[in-house]
Amino acid sequence: MIPSAYGAAEARGIWLYLEQDEGEMVSVARELLGRGRQLADSLGVPLTGLVAGKSVQHLAKEAIAHGADSVLVAEHPLLEPYTTDAHAKVVTQAVLEGKPDIFLIGATTNGRDLAGRLAVRLRTGLTADCTDLTLESGTNLLIGQVVGFGGGIVANIKCEVHRPQMATVRPGVFAAPAPDAARRGKTQALNVDLTEDELRVKVLERVMQKTADISQAKLLVVGGRGTKGDLSLLQKLADLMGGELGVTRVAVDAGWATHERQIGQTGYVTRPELAIVLGASGAQQFTVGIAEAGMVIAVNNDEDAPMFESADYCAVDDLFQFLPPLIKQLQGAGAR
Ligand SMILES: Cc1cc2nc3c(=O)[nH]c(=O)nc-3n(C[C@H](O)[C@H](O)[C@H](O)COP(=O)(O)OP(=O)(O)OC[C@H]3O[C@@H](n4cnc5c(N)ncnc54)[C@H](O)[C@@H]3O)c2cc1C
């Protein structure tokens, strides 16, 4: 077996890669700070955040308020925008010096990209796209829960020998902790040695396209097969209430909506304050994606639909009858 760059005997503490974009911490980084804090407390070890970018010093304060004990700050013009070469080099160097026992990264596009590269450079394993992180009783090894084979299995994966124990975590599965401005921690600047000729990719232009982020939505209007592909009324309700449209997998498979809107085991885990679910039967693979909703209202024309078991309020009705008067009333009430 090829040994990792350092072993378990030298490894200590939990590190988080705190992804940022143009000076703003991405939501999954705050979520990792919450879960990382809990794991660090269970193990009795420090929690360290690593933030890399052009001008990101201010994020150290935010990370500490959200639970970090210390933050390593790597600043350099070539660290913005994200490129694999620049971030992989800087993060690898920091990890080789600091030797964390556990290293967690958000499973965003950039996070996934970085994690794979780091795992190879550090010669360690990577549990990708985790939907939960726990500690194995007795050994305190990190257990990453991963949904595999299109949702057909849930695997618990550990990395026994190599270090760091690395995992990427899906956005939305952990709640971000409330910040505590009174928390105190250490900030350390990292020496960054980067030159342009080391970077094989040059970003010439960024084209921003607004995509839905249902994992952060406070209100979701969710449609299933019962919509028969007509999501216009649901979209109208979502717009009126300032929410986002979500769908079941059936709707995505049928091409009625894109995967970024799919809720459930193979879609997104969401935490809205309110989810209004229309024309969805309530399959378990779907309901795991709204299990953390503050309140669920279900509309289904079948009074025996399992969806009603996961709902706080139930309406046995045809959704095409149910929605127009509700929309009219909201329009009359002057909702947005
Ligand atoms: C491995 C695996 C992973 C999966 N992952 C996911 C996942 O991430 N997300 C997900 O959603 N699914 C997932 N599924 C699929 C899941 O098992 C269900 O098949 C799916 O959620 C059903 O979608 P649905 O409720 O829209 O459709 P259906 O189960 O067909 O339900 C349609 C519902 O609409 C009601 N209805 C019909 N017409 C009307 C009307 N006019 N008004 C009101 N109600 C009406 C019906 O009574 C019915 O209850 C997965 C399945 C597998 C095997």
Side-chain angles (χ1 to χ4, degrees), residues 28 107-108 112 128-132 144-157 168-174 211-217 219-238 243-272 274-293 296-328:
V28 69
T108 59
R112 286 174 170 152
D129 217 20
C130 293
T131 50
D132 199 5
Q145 181 184 290
V146 174
V147 178
F149 295 104
I153 60 155
V154 176
N156 288 319
I157 300 175
T168 57
V169 178
R170 267 203 219 177
V173 298
F174 299 128
T211 54
D213 183 4
I214 60 169
S215 71
Q216 301 301 312
L219 190 146
L220 284 169
V221 179
V222 187
R225 196 197 302 270
T227 62
K228 298 177 183 66
D230 183 358
L231 297 167
S232 56
L233 287 175
L234 284 80
Q235 183 67 67
K236 198 173 238 177
L237 180 62
E244 283 285 354
L245 180 70
V247 293
T248 65
R249 176 157 150 178
V250 164
V252 176
D253 290 347
W256 303 338
T258 51
H259 183 260
E260 70 186 16
R261 297 198 181 271
Q262 183 189 317
I263 293 170
Q265 192 175 309
T266 46
Y268 285 88
V269 176
T270 65
R271 301 174 167 268
L274 171 64
I276 305 173
V277 182
L278 304 110
S281 57
Q284 191 257 341
Q285 293 93 347
F286 165 72
T287 53
V288 291
I290 52 159
E292 298 294 328
V296 176
I297 299 173
V299 183
N300 198 300
N301 60 6
D302 173 6
E303 64 179 10
D304 295 322
M307 187 60 228
F308 290 141
E309 286 160 30
S310 306
D312 301 289
Y313 294 94
C314 310
V316 181
D317 203 351
D318 182 321
L319 69 96
F320 294 103
Q321 303 291 320
F322 179 88
L323 282 176
L326 176 61
I327 288 171
K328 208 170 160 192

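We count ligands from 1, going down the list as the structure has it; atoms in each ligand are counted the same way. We count residues from 1, following the sequence as given.
Comparing Val222, Asn300, Thr266 against atom 49 (O) of ligand 1, the shortest heavy-atom distance belongs to Asn300. Proximity annotation for atom 14 (N) of ligand 1: of His259, Gln284, Glu303, Gln285, Gln285 comes nearest, heavy atoms only. With distances taken over non-hydrogen atoms, the option nearest atom 25 (O) of ligand 1 out of Pro306, Gly224, Ser281 is Ser281. Comparing Asn301, Asp230, Thr287 by heavy-atom distance to atom 39 (C) of ligand 1, the nearest is Asn301.
With Asn300 contributing its side chain and Ala280 its backbone, the two residues share a donor-acceptor pair below 3.5 Å. Judged by distance alone, the side chain of His259 and the main-chain N or O of Thr266 form a donor-acceptor pair under 3.5 Å. In this structure a side-chain-to-backbone donor-acceptor pair under 3.5 Å is present from Arg271 to Gly172. Under a 3.5 Å cut-off, the side chain of Asp312 and the backbone N or O of Val296 do form a donor-acceptor pair. Between the side chain of Thr227 and the main chain of Gly229, a donor-acceptor pair closer than 3.5 Å is present. Between the side chain of Thr168 and the backbone N or O of Asp129, at least one donor-acceptor pair lies under 3.5 Å. Ser281 places no side-chain N or O within donor-acceptor distance of the main-chain N or O of Ala305, the cut-off being under 3.5 Å.
Using a 4.0 Å cutoff on heavy atoms, Met307 does not count as a contact of ligand 1.
Here the CD1-CD1 distance, from Ile214 to Ile263, works out to 4.5 Å after rounding to the nearest 0.5 Å.
For Thr108, the side chain to side chain donor-acceptor pair (under 3.5 Å) test picks out Glu19, with sequence neighbours left out. For Leu233, the side chain to side chain contact (heavy atoms under 4.5 Å, CB included) partners at least two apart in sequence or on another chain are Phe320, Leu323, Pro324, Ile327.
Ligand-side atoms of ligand 1 in range of Lys228: 38 (N), 41 (N), range being under 4.0 angstrom from any heavy atom. Residue Ile263 approaches ligand 1 through these ligand atoms, each under 4.0 Å from one of its heavy atoms: 7 (C), 8 (O), 9 (N), 10 (C), 11 (O). Residue Asp317 has at least one heavy-atom neighbour below 4.0 Å for each of these atoms of ligand 1: 42 (N), 43 (C). Those atoms of ligand 1 with a heavy atom of Gln265 less than 4.0 angstrom away are 7 (C), 8 (O). Atoms of ligand 1 lying under 4.0 Å from at least one heavy atom of Ala283, given by number and element, are 16 (C), 17 (O), 18 (C), 21 (O). Against a heavy-atom cut-off of under 4.0 Å, Asp302 is close to the following atoms of ligand 1: 47 (O). Atoms of ligand 1 found under 4.0 Å from any heavy atom of Phe286, numbered from 1 in the order shown, are 10 (C), 11 (O), 21 (O). Close contacts between ligand 1 and Gly267 involve ligand atoms 8 (O) [criterion: under 4.0 Å to a heavy atom].
Looking at Gln262 against ligand 1, only its side chain comes within 4.0 Å, counting heavy atoms. Counting heavy atoms under 4.0 Å from ligand 1, residue Val247 does not touch it at all.
Considering both main-chain and side-chain atoms, Gly279 comes within under 3.5 Å of ligand 1 through a nitrogen or oxygen pair. An N or O contact shorter than 3.5 Å is missing between Ala305 and ligand 1 by distance.
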*With side chain to side chain contact (heavy atoms under 4.5 Å, CB included) as the test, would you mind laying out the steps for Arg261 and Glu244 before giving the verdict?*
CA-CA 9 Å; Arg261 297 198 181 271; Glu244 283 285 354; 3.0 Å; yes
